[in-house]
Amino acid sequence: MPIVEDAPVYPFASRPMCKIAAKPETTGEYQNDRERIHQSATPDRRRDGCGSLRVADVRNFEDPEYAGNNPREIMEDARSVIVLGVAVPRGSIESLPKGRAEYTNTLMAGTATLRVIAFRLARLIEKEGYKATIVPTEGSEFGYWYADRETLMADMSIKYAAYCAGLGTYGINHLLITDEFGPRVRMTAIVTDAPPLKGPEGPLRPLLNEDCKNCMKCVEACPAAAFTADGEIRRERCAEYMFQALGGGSGAASVSGYARSEGVLRGQ
């Protein structure tokens with residue numbers, strides 16, 4: 001089952017940082033709704049194992065340099081993208097490529113965990129009078145394709161939303177790299193017309209992770225040679241490797257470079 005979370009955004013050299021942070025209002029009903037949803041969601045996500053909950057203002061996706069799909073193509077009056085993440089156990093990645101079955105099963109467990117948390121939060125948001133819908137984490141599932149099979153583009157970029165929300169930065173191979181877990185994260189997102197719950201904590205950072213500027217071990221390790229040192233993604237090579245060499249399998253091509261990079265990045 002290919003894991004296609006979202007599309008490449010743009011060459012790293014052209015993107016210094018996310019321009020529009022979430023800018024919540026501070027008074028009135030708008031603020032009250034914001035705080036009530038966030039406070040109610042926090043205990044549930046901690047109890048159920050959700051490691052991260054961050055929110056991006058949907059206006060971030062209007063940046064002309066962003067090349068992916070816009071959440072407002074999913075929900076016309078969307079205002080926020082809520083990003084939920086769980087850490088992927090390190091052992092499932094370090095066992096690749098031999099442990100593909102175990103890796104895939106571990107990712108599926110992470111996806112199932114996120115779905116439960118996201119569903120509860122979506123219900124909570126709608127109890128407050130707003131709309132909410134959950135973005136697929138998988139590229140395909142049960143024979144149904146959520147992503148474009150040729151371009152590998154999803155309906156929106158969860159990774160870009162996570163970056164704009166302050167959850168992490170991009171690696172050269174276009175995986176999100178978080179401060180705590182590195183690239184070992186599984187994410188989903190909720191698109192909603194509710195106002196942003198909260199903005200990024202601290203200043204916005206450059207798109208490219210600092211540790212990636214001179215490393216390039218993932219570029220060397222990628223079995224499909226699908227990306228270059230300047231951040232260019234050759235999607236057709238990735239697709240060919242997943243659908244032909246791996247037989248439409250677990251998406252191990254996207255992370256096996258990290259598994260063989262001997263812990264260069266934080267969280268490995």
Side-chain angles (χ1 to χ4, degrees), residues 3-22 51-52 54 56 60-61 63-68 81 83 85 87-88 90 92-94 96-97 151-154 156-187 199-239 241-242 251-268:
I3 308 301
V4 184
E5 293 187 348
D6 48 29
V9 184
Y10 27 61
F12 293 110
S14 66
R15 181 63 179 179
M17 63 179 59
C18 190
K19 294 180 180 177
I20 305 173
S52 302
R54 297 289 183 93
N60 286 298
F61 292 84
D63 190 312
E65 292 186 352
Y66 169 70
V81 178
V83 181
V88 177
R90 181 175 177 175
S92 67
I93 295 176
E94 292 187 347
L96 291 169
T151 65
L152 304 185
M153 290 183 67
M156 59 154 283
S157 173
I158 298 176
K159 288 182 291 190
Y160 181 69
Y163 163 70
C164 291
L167 186 58
T169 53
Y170 274 65
I172 284 290
N173 64 356
H174 290 229
L175 292 181
L176 186 80
I177 301 175
T178 65
D179 293 332
E180 187 174 2
F181 301 110
R184 296 185 296 106
V185 290
R186 193 75 170 141
M187 298 183 294
E201 298 176 358
L204 292 171
R205 295 177 287 184
L207 183 73
L208 180 63
N209 189 277
E210 288 292 325
D211 292 334
C212 287
K213 290 184 177 179
N214 300 309
C215 177
M216 304 302 149
K217 286 194 175 182
C218 61
V219 176
E220 299 168 2
C222 179
F227 51 95
T228 64
D230 62 358
E232 179 185 356
I233 291 286
R234 300 183 179 115
R235 301 180 217 180
E236 69 282 354
R237 292 189 181 185
C238 186
Y241 188 82
M242 283 197 297
S254 65
V255 297
S256 59
Y258 278 111
R260 288 175 280 169
S261 293
E262 301 180 357
V264 179
L265 299 172
R266 291 186 298 275
Q268 287 276 64

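Worth saying up front: this structure is predicted, and the values here are computed from it rather than measured.
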Over all atoms of both residues, closest heavy-atom pair of [X] and [Y]:
X    : Y    : answer
G168 : Y163 : O-CD1, 3.2 Å
A56  : C164 : CB-CB, 4.1 Å
A162 : L176 : CB-CD2, 3.6 Å
M156 : A161 : CE-CB, 4.1 Å

Hey, what do you get for [atom1] ([X]) to [atom2] ([Y]), rounding to the nearest 0.5 Å?
X    : Y    : atom1 : atom2 : answer
N209 : I172 : CG    : CD1   : 9.5 Å
I93  : R184 : CD1   : CZ    : 6.0 Å
I158 : L167 : CD1   : CG    : 11.5 Å
F227 : R234 : CZ    : CZ    : 10.5 Å
Y241 : C222 : OH    : SG    : 8.5 Å
N214 : M216 : CG    : CE    : 6.5 Å

Checklist line | Audit row: C212, I177, side-chain contact (heavy atoms from CB on, under 4.5 Å) steps and yes/no | finding: CA-CA 10 Å; C212 287; I177 301 175; 3.7 Å; yes
Next item on the list: Would you confirm whether K159, through its side chain, and Y170, through its main-chain N or O, come within 3.5 Å as a donor-acceptor pair?
Entry: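 Not a single qualifying donor-acceptor pair exists.
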Check: Between F61 and Y160, what is the ring plane arrangement, given parallel below 30°, perpendicular above 60°, and tilted in between?
Finding: perpendicular
Next item on the list: Find out whether M187 and T178 are in side-chain contact, i.e. whether some heavy atom of one side chain is under 4.5 Å from a heavy atom of the other.
Entry: no
